[in-house]
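Following: one structure in structure tokens, then a few remarks.
Labels below follow one simple rule: chain letters A, B, ... track the order of the sequence lines, proteins then strands, and each chain is numbered from 1.
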2 protein chains.
Amino acid sequence: MSKPSLPHSCKRSPCPIACTLDILGDKWTLLVIRDLFVGKKTYGEFQASPEGIPSNILADRLKRLLEHEIVEKTPYQQRPVRYAYTLTPKGRALGNVLKAMVQWGEAHIPGSQALMKR
Amino acid sequence: MSKPSLPHSCKRSPCPIACTLDILGDKWTLLVIRDLFVGKKTYGEFQASPEGIPSNILADRLKRLLEHEIVEKTPYQQRPVRYAYTLTPKGRALGNVLKAMVQWGEAHIPGSQALMKR
DNA sequence: TCTAGTCACTTTCAAATTAAAAGTTATGAG
DNA sequence: CTCATAACTTTTAATTTGAAAGTGACTAGA
């Protein structure tokens, strides 16, 4: 017994950065979370964002975020049933990550400009 | 003339989060930057990190980080020539992004524990 | 000189992921 | 019926990733 089998989500190492990237280290996940932060709630609204996330990727990412309890899904109407996604406290805690990225992007990437309020 | 052609690095939209993710939105890039923050400098040191980045991916990411002037490469010896990578000011400015990820990971991912100093 | 070893990559190729587009399901409106 | 909408799912091709082996420039040792 050499590898002590990392608990839970930590797939590669116990480093919190590696663990975080195992969940949201890709091109799309944090954009969905950004959308939730600015008040978007539905599948259609996420799809309508200017970056144009592919539909299958969106479905996959929402599923992962649900599994990790970063977002919640509740029906906002019956017949036909339609869903609203919202951030959990765990998801809202990602605000600082987004904020740091906004700051870095605005300071260092020419042409980037904040759309996010706050 | 409908699409005003986004300047420079902004591939998908002018949102600073999207622009930032265009550069470092993947599973490995921020781990290399983490390594640089803790003082690792050489290709071999990056490869030796516990997550085990594949060699071709490491080469690709270092190239991208050089292109974006997030890291610099300088020979630290001749005959045979060997290189040291270091963060530029632009790269060091990513400290807040890493810090936010460490905080979130430690608070929300069971089993994750900081290895990074400060 | 021959052999082994180190470092910093590069190449190869199979497997996994992503992207684009079209299709599905449930339902209401006309 | 037929059309429209929201929320997905499926299909298929293209791209990216990962694992492993290979390369080039040397150095040190037998």
B/Tyr43 and B/Ser55: side-chain donor and acceptor closer than 3.5 Å?
-> yes
Between CD1 of A/Ile17 and NZ of B/Lys99, what distance do you get to the nearest 0.5 Å?
-> 11.0 Å
To the nearest Å, give me how far apart CG (B/Leu62) and C1' (C/dC7) are.
-> 14 Å
Distance-only donor-acceptor check, side chains A/Thr88 and A/Glu69, under 3.5 Å | no
Straight-line distance of B/Leu36 CG to B/Glu45 CD, nearest 0.5 Å = 9.5 Å
Side chain of B/Tyr76 (C-beta onward), nearest among C/dT10, D/dC26, C/dA8 = C/dA8
Determine the contact category for A/Lys63: base if any of its heavy atoms lies under 4.0 Å from a base atom, sugar-phosphate if only primed atoms, P, OP1 or OP2 are that close, otherwise nothing.
-> nothing
Taking for B/Arg82 and for A/Asp26 the nucleotide of DNA chain C with the nearest heavy atom, the one nearer the 5' end belongs to B/Arg82
d(CD, A/Gln77; C1', D/dT5) in whole Å | 10 Å
Taking atom P of D/dA19 as reference, at what distance in whole Å does atom CZ of A/Arg12 sit?
-> 11 Å
D/dT9 OP1/OP2 closer than 4.0 Å to side-chain N/O of A/Tyr43 = no
With a 4.0 Å cut-off on heavy atoms, is A/Tyr85 in touch with a base, just the backbone sugar-phosphate, or nothing at all?
-> sugar-phosphate
May I ask you to evaluate whether B/Lys41 reaches the phosphate of C/dA8, defined as a side-chain N or O under 4.0 Å from OP1 or OP2?
-> no
Length of the NZ-C1' vector between B/Lys11 and D/dT15, whole Å | 15 Å
Between atom CG in A/Leu58 and atom P in D/dT9, what is the gap in whole Å?
-> 10 Å
Please work out if A/Arg79 contacts a base, only the sugar-phosphate, or nothing of the nucleic acid, heavy-atom cut-off 4.0 Å.
-> sugar-phosphate
OP1, OP2 of C/dA8 versus side-chain N and O of B/Lys73: anything below 4.0 Å?
-> no
Atom pair CD1/OH of B/Ile70 and B/Tyr85 - distance to nearest 0.5 Å | 14.5 Å
So, is B/Tyr83 near the phosphate of D/dA25, with a side-chain N or O under 4.0 Å from OP1 or OP2?
-> no
Phosphate-side-chain proximity, B/Trp28 and D/dG18, N/O vs OP1/OP2 below 4.0 Å | yes
Whole-Å gap separating P (D/dT17) and CG (B/Leu31) = 14 Å
Scan side-chain atoms only and decide if B/Lys40 and B/Ser49 contain a donor-acceptor pair under the 3.5 Å cut-off.
-> yes
Would you say a side-chain N or O of B/Arg61 is under 4.0 Å from OP1 or OP2 of D/dT17?
-> yes
Closest-nucleotide 5' rank along DNA chain D - winner of A/Thr42 and B/Ser55 = A/Thr42
CG of A/Asp60 versus P of D/dT9: gap in Å, rounded?
-> 10 Å
Contact class for A/Asn56 (heavy atom, under 4.0 Å): base, sugar-phosphate, or nothing?
-> base
Measure from CD1 on B/Ile57 to C1' on D/dT15 and round the result to the nearest Å.
-> 12 Å
